[in-house]
Each structure stands twice: as structure tokens, then as C-alpha cells.
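Shown next, in C-alpha cells, is the structure this report addresses.
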Amino acid sequence: MPRRNKLQEHLRQQRLKATTTLQSNAEARKSRSKKQVSDDSDHEQGPSTSRTVYPDSAPSTCSGKKLRFCKDYGLSTSEHSTNNVGNVIMDVNNLFEFIAKFPCPKCKCENSLSPYIGKKHGLAILLKIECSSCAEIVESLWTSAKTHHYYNINREAVFASLCSGMGAVSFQKLCESFDMPTLHHKSFQAHASSIYDKNDNLRDILFNKAAEIIREEHKQVGNHSNEDGILDIAVSYDGSWMTHGHMSDVGVGSVIDILTGLVIDFHVMSNYCHSCAIKSKMKEANPTAFATWEDQHLGSGKCDANFNGSSGSMEVHGAKVLWGRSVRRYNMRYTVMLSDGDAKAFSALQQLKPYGNNAWCSSEESCDRSEGAEGDPWWPWNADCQHNPEAANLLLEGHSSGTNCRKDEAGDHGIDKPLFFHLR
């Protein structure tokens, strides 16, 4: 049989084996779920904690799985409808004309109300209504509610600007175009810092919840933690950048669990800090003053630049950070890495050895592109994937977005090969 046919037959057998294992695990998981529901119906002691039993046509896409997780683990996905119409942009002159048509609530005089604007705090204004007959202010109202020490409209405007990619200068230009009041750049930055801090707290909550779901789902398929409580999982890793052309100042590396499709962790890298860029002129004019400011700036932890290198090396650096903190944050080890055609991140991790010398396979076993055992160039399937057959199935079927392939460098096989690194 020609070499190419042997490889295709080997791949078909491996795919069949992985698919059979996945189906048996799914049937066992469904049987356990039905048994749990039956047991809970017999014991009416408190609320049921069983998972939802789904029909045979259970969702197989990542979005469908995540919606199922929300139902299984009590996470609400419904949109809460309220009677609040939100914020609107309105011509103040039209509003004043509308208010002036009403009689005074005190003296009942017609055409005596004169509304005007009092104080301003960013986009929030104090609206006052004065009666010419009563010669007093009959009503005053701030156009935005206040939470603690800030007005909600200002915080919401900054949040919307950040989501749209606008900074303080762009936001001020937008307000000027609408002939609206705006925020001082220092106020804008203060709101932005507060939003970032709250987002960090929310991120930690979401990732910790995702880690709980991942542990439960791996437990369902027979992948249990070791005696130290550490769980070995298969993940997909890739990097992305803010702009194209390998000249981006901002990049991000993300780790995704292959079994559930949930993002476990990510790390954002930036070699640009706007405050440092503004103070760059001071460095030439007064180096001593700049050194003093730089020490204070770096000590405050407000410098946005956390990476010093080229944009092409951000993906490698992100992998080192994420693998280095996986045990500390989530008590997990990413022992199987599914990646695209760039093996630089894996090579860097192999040198770093974040889990010790015994947790990584040798280069001959996983990352050498020459022929593997028994003359088989399909080395990814030579690795021991029995602890997570779903990962192997995803790889074989090509369901993961990280299964981009490239041809073997030797060029004598003629078959695309996914980069699937097994880290023992």
C-alpha cells in the first residue's frame, strides 16, 4: 500500500477510535444525569442540585455549550426588562419651550415658567424652573442620578467611549460636535481607572466560575485531579494583536479549554503608555525631573506599558505568563497544547518548564517534525491522550478554531499536520 494510503488509513482508524470513546463517555454522562434526577425525585430533602438532562440533540457548538453551562450551573442569561428608557440626546431649547407651556404649579399663572441651566458637572446639568409671577424657583432637577461622588451619565459616557476605542481627546471632540458639555481629561482618566478596577474584579469572578465549570465537566468525562488537587487539561492557545502588520503596540494571549470551549485566562501586553509618551519631552529637557517622575509613575502601578519587546514576541511572552500562573490561580496544568502553525510559544514553554522537569515531554516525543514511532509521521496521535479523548477527537475532526495546519517541512508526506503538543 502506498505511504499516503497508509497514513490516511491510520488517521481513519484513530478518528473512529476517538469518536467511539467520545460517544461512550457521552452515554455514560447522560446515564449518570438520569440516575441523579431519579435519585433526587425519591428524596425530597431540600432543592434538587441535579444537572439538566438534555435530549440526544444536545448543542455541539461552543455557543450552545456555554448556554447549557449557564442553565446547569445557575447562571442567568435572560434579559431583565425595565421601564427605564435609558439616556437620550435632546435639544435643550425644545425642552425649555415644552416646559414653558405649562402653568406654574404654585400660582397657576400661564406662560410664567422660565427654565434655565444652573450648574454643570460634566454631562450632568442642574435644570431649574423659575416662575416670573412667584419670583422664585418652583423646581430644580439634576439630569442624571448620582452614585457616591459621581454622576452616572459621566461614568456611562466614559465607559461607552472606552468600548468604542475613544480616549479623552476623541470624546471631547465628539461632545464639541454635538455642542454638549464635556469632561476634563483628568476627570475622564479618573472614571476610566475606576472602570478598569471594577472590570478586573469582574474578570476574576468570571474566570473563577469558568474554572469551576471546567473542573466539573472534566470530572464528568473521567479526568480527575491528582492527589494535590491539580487538574491536567488540554487547551488551545493563540495570540492576537490590536492592529495588523506586526507593528502593534498591544497584544493579547488567551487560553481556551478544548473540552468546554471556555476561556480560562488571558494576558494583555502593551509596550505603550500614554503618560510616558506625554512626558517624553521632559526626558530631553530635564532628565533629572523625568527620572523622578518615572520612579513615581512606575511605583504607582499606573504605567500601561508591561512589555518591552517586538509585537511578534508578545505571543511567546503571553504563553510564559499564562502557563506560569495556571497552578497558582486555578490549580490546573495545561499539559496538552493545541496551537496554529507557529511553534515558538511551545518551544519557549519547553525551555521554561513551568511545571518542572517531569511535566514536559522531550522534543523527540512531541515537537520534532521528523517521523515518530514505527515510521509514523503523525506524531500528535502517538501521544497518550487517554485521559482526555475529547481533545483528540476535536483535533481529528478539526472542530477547534486552533487547528490550522501546515505541511511538514520535509515535504515528503504531502499531508497537512496540526500542531498538537502533548506535554507529559
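The chain is numbered in sequence order, starting from 1.
No hydrogens or angles considered: a donor-acceptor pair under 3.5 Å links the side chains of Gln220 and Glu216. No hydrogens or angles considered: a donor-acceptor pair under 3.5 Å links the side chains of Arg215 and Ser225. Between the side chains of Asp197 and Ser194, no donor-acceptor pair is found at a separation under 3.5 Å. For His274 and Tyr272, the side-chain atoms include at least one donor-acceptor pair closer than 3.5 Å. Asn152 and Ser144 form no side-chain donor-acceptor contact under 3.5 Å, judged by distance and modelled atom types alone.
Heavy-atom contacts from other residues, nucleotides or ligands closer than 6.0 Å to CG of Asp91 number more than 12. Within 6.0 Å of CD on Glu139 lie no more than 12 heavy atoms contributed by other residues, nucleotides or ligands. Tyr150 OH: more than 12 foreign heavy atoms inside a 6.0 Å radius. Open room surrounds CE on Met242; 12 or fewer heavy atoms of other groups in view lie less than 6.0 Å from it. Residue Asn201 places its CG atom among more than 12 non-hydrogen atoms of other residues, nucleotides or ligands, all under 6.0 Å distant.
Between Val268 and Asn306 the shortest heavy-atom distance is O-ND2, 2.9 Å. When all heavy atoms of Ser270 and Val250 are compared, the closest pair comes out as OG-CG2, 4.0 Å. Between Ala124 and Asn154 the shortest heavy-atom distance is N-OD1, 3.8 Å. The shortest heavy-atom contact between Ser313 and Gly309 is OG-C, 4.2 Å. The two residues Gln189 and Ala168 come nearest to each other via the heavy atoms NE2-CB, 4.3 Å.
Using a distance-only test at 3.5 Å, with no hydrogens or angles considered, no donor-acceptor pair links the side chain of Asn271 to the main chain of Ser310. Judged by distance alone, with hydrogens and angles left aside, the side-chain atoms of Trp142 form no donor-acceptor pair with the main-chain N or O of Ile125 at under 3.5 Å.
Between Lys106 and Glu136, at least one side-chain N (NZ, or NE/NH1/NH2) sits under 4.0 Å from a carboxylate O, which counts as a salt bridge. Remark: Lys209 engages Glu212 in a salt bridge, criterion side-chain N to carboxylate O under 4.0 Å.
Taken from CD1 in Ile137 to CD1 in Ile129, the straight-line distance is 10.0 Å, to the nearest 0.5 Å. The OG atom of Ser170 sits 8.5 Å away from atom CZ of Phe188, with the distance rounded to the nearest 0.5 Å. Remark: Trp241 CH2 to Met314 CE distance equals 8.5 Å, nearest 0.5 Å.
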With side-chain contact (heavy atoms from CB on, under 4.5 Å) as the criterion, how do Leu262 and Ile256 come out once you've worked through the C-alpha distance, each side chain's angles and the decisive distance to 0.1 Å?
CA-CA 6 Å; Leu262 295 178; Ile256 302 175; over 6 Å; no

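Two rings, from Tyr237 and Phe346, have their centers 6.0 Å or more apart.
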